[in-house]
There are 2 protein chains.
Amino acid sequence: MSRIRARNEEKIIRAASRVFAEHGYAATKTADIAELAQLPKPNIYYYFGSKENLYRAVLESVTEPLLAASAPFEEHQDPLTALTAYIRAKLLISRDYPYASKVFASEIMHGAPHLPEDIIQRLSGQTRFLSERLSQWMEQGLMARLEPKHLLFAIWASTQTYADFNWQITMALGKDELDETDFDQAAEVITRMVIEGCRVSPLAEA
Amino acid sequence: MSRIRARNEEKIIRAASRVFAEHGYAATKTADIAELAQLPKPNIYYYFGSKENLYRAVLESVTEPLLAASAPFEEHQDPLTALTAYIRAKLLISRDYPYASKVFASEIMHGAPHLPEDIIQRLSGQTRFLSERLSQWMEQGLMARLEPKHLLFAIWASTQTYADFNWQITMALGKDELDETDFDQAAEVITRMVIEGCRVSPLAEA
DNA sequence: GTCTATAGATAGATAGAC
DNA sequence: GTCTATCTATCTATAGAC
């Protein structure tokens with residue numbers, strides 16, 4: 001792969017993430033992506049073959065960050081540290097990959113028609129892992145017994161909302177864009193709800 | 001308005017909600033709406049004039065339920081009852097208006113380009129009301145001091161997710177559709193997190 | 001590898017008969 | 001009020017020159 005190819009592909013992916021995020025798959029015109037990427041439209045077809053391939057490439061570009069977010073559950077043995085770090089990691093994805101997050105959310109919302117099967121499998125595996133880990137901690141008496149999956153749904157939703165429903169949030173807060181303080185406050189509120197809701201003890205009581 | 005007109009408009013709105021929810025605004029074909037509604041396509045244009053008008057009519061059809069959900073904050077004076085009822089009300093919207101909820105979510109996600117200004121204003125007013133009410137309770141010592149708006153974002157996100165990201169949730173739970181038990185468990189987890197996170201006392205201690 | 005110019009398909013909208 | 005047939009704009013995709 002030539003240097004010029006690598007650079008152009010990256011420019012196209014970056015532009016595409018943004019346009020797909022703002023308008024959705026069907027409403028985005030490849031011409032708009034080309035314009036934002038400052039490249040002629042046929043280059044997009046030269047590099048990616050079709051609009052759908054390009055869209056899938058964008059979806060795949062978020063997959064790694066998403067899968068990496070569960071690292072705290074592997075590194076930490078106590079729920080307090082793991083959950084706190086996990087919530088922060090999920091919020092950082094919303095902050096640092098706002099466009100890709102939205103594209104992913106939109107895809108899921110419409111039933112994941114374009115999401116490659118292998119990505120679905122890896123994400124499902126991650127969900128099972130997280131859920132089982134929570135169950136173990138509950139059995140060990142390290143946290144209260146809640147339905148682990150519903151706990152995960154709440155964490156996912158309340159962290160992703162800062163990317164997906166950015167419009168609603170900036171409007172409610174009366175600002176143009178979110179800053180560090182907003183994400184810190186979000187982390188504090190969500191962490192507190194999760195930690196207190198699960199009555200996670202600041203170390204074993206099993 | 002004739003009886004036949006009223007009936008046809010309702011059939012079209014119902015079909016449109018579903019198709020818009022499943023495919024998004026740009027990807028839905030008016031022909032598909034007509035087919036699902038069992039009416040010829042020109043009838044849609046006869047009744048609604050354009051695809052965009054029909055879409056707006058769908059958006060407006062969820063507005064009332066959404067605004068009504070905040071009733072518990074007006075009826076109840078203590079945060080425990082109000083928050084518990086509010087969470088349940090929001091979950092019921094996800095359960096009972098899954099298509100309209102998704103259409104609304106998709107609209108917000110893309111920056112609300114079609115949402116009429118008066119609806120935006122009414123929703124903003126509701127947000128201010130809810131947020132101020134929470135602040136009062138905090139000042140009265142009835143609940144812990146969290147950022148009220150971030151608390152609302154978490155409640156909105158974790159209740160709406162059962163409609164918006166239904167695909168992900170049914171997949172994680174390994175079932176085709178959610179039943180009563182699922183919504184009960186969701187209510188329990190979310191309510192517990194909110195109540196414990198805010199240290200809401202089971203009546204005054206101010 | 002890059003880009004202009006264009007083909008081809010899709011789907012929103014409507015004319016006009018009933 | 002209803003619907004068949006069709007017009008037309010838009011946009012994906014590519015042929016072919018450079």
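Computed from a predicted model, the values in this text were never measured in an experiment. Convention: sequence-line order gives letters A, B, ...; per-chain numbering from 1.
With D:dA13, C:dG1, C:dG12 as the candidates, the nucleotide lying closest to the side chain of A:R5 is C:dG1. Here the side chain of B:P42 is nearest to one of D:dA13, C:dA13, D:dA5, namely D:dA5. Comparing D:dT2, C:dG1, C:dG12 by their closest approach to the side chain of B:Y46 singles out D:dT2. Taking the side chain of B:K29 as heavy atoms from C-beta on, and the options C:dT14, C:dA11, D:dT14, the nearest nucleotide is C:dA11.
Centroid-to-centroid, the aromatic rings of B:W156 and B:Y86 stay 6.0 Å apart or farther.
Rounded to whole angstrom, the span from the NE2 atom of B:H23 across to the C1' atom of C:dT10 amounts to 15 Å. In this entry the distance linking OH of A:Y25 with C1' of C:dT10 reads 13 Å, nearest Å. Summarising the geometry, the separation between CG on B:N53 and P on C:dG12 is reported as 14 Å, rounded to the nearest angstrom. Remark: C1' of C:dT2 and CD of A:E9 are 15 Å apart, rounded to the nearest angstrom. Summarising the geometry, the separation between CG on B:L39 and C1' on D:dT4 is reported as 15 Å, rounded to the nearest angstrom. If you measure from atom CD1 of B:I44 to atom P of D:dG1, you get 16 Å, rounded to the nearest angstrom. The interatomic distance linking A:E35 (CD) with D:dC11 (C1') rounds to 15 Å, in whole Å. When rounded to the nearest whole Å, the span between CZ of A:F20 and C1' of D:dC11 equals 13 Å.
A perpendicular orientation is assigned to the rings of A:F73 and A:F129, their planes being inclined by more than 60° (bins at 30° and 60°). Below 30°, between 30° and 60°, or above 60°: for A:H114 and A:Y25 the angle between ring planes is between 30° and 60°, a tilted geometry.
Note on B:D32: nothing from the nucleic acid sits closer than 4.0 angstrom, heavy atoms only. Residue A:P40 is in sugar-phosphate contact alone, with no base atom involved, counting any heavy-atom pair closer than 4.0 Å across all strands shown. Nucleic acid contact for A:F48: none, since no nucleic acid atom lies under 4.0 Å from a heavy atom of the residue. Residue A:I4 is in sugar-phosphate contact alone, with no base atom involved, counting any heavy-atom pair closer than 4.0 Å across all strands shown.
Close to D:dG1, at under 4.0 Å from its OP1 or OP2, lies no side-chain N or O of B:N43. A:Y45 has a side-chain polar atom (N or O) that falls below the 4.0 Å cut-off from OP1 or OP2 of D:dA13. Note on B:Y47: a side-chain N or O is less than 4.0 Å away from OP1 or OP2 of D:dT2. OP1 or OP2 of C:dA11 has not a single side-chain nitrogen or oxygen of B:T30 nearer than 4.0 Å. Regarding contacts with the backbone of D:dT2, a side-chain N or O of B:N8 is found under 4.0 angstrom from either OP1 or OP2.
Salt bridge present: A:R14 and A:E10 bring a charged side-chain N and a carboxylate O closer than 4.0 Å.
In this structure, B:K51 fails the cation-pi test against B:F20, since its NZ or CZ atom is not both closer than 6.0 Å to the six-membered ring centre and inside 45 degrees of the ring normal.
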>> Pair A:M109, B:M109 - check side chain to side chain contact (heavy atoms under 4.5 Å, CB included), show working.
In response: CA-CA 11 Å; A:M109 203 154 83; B:M109 202 153 81; 4.3 Å; yes
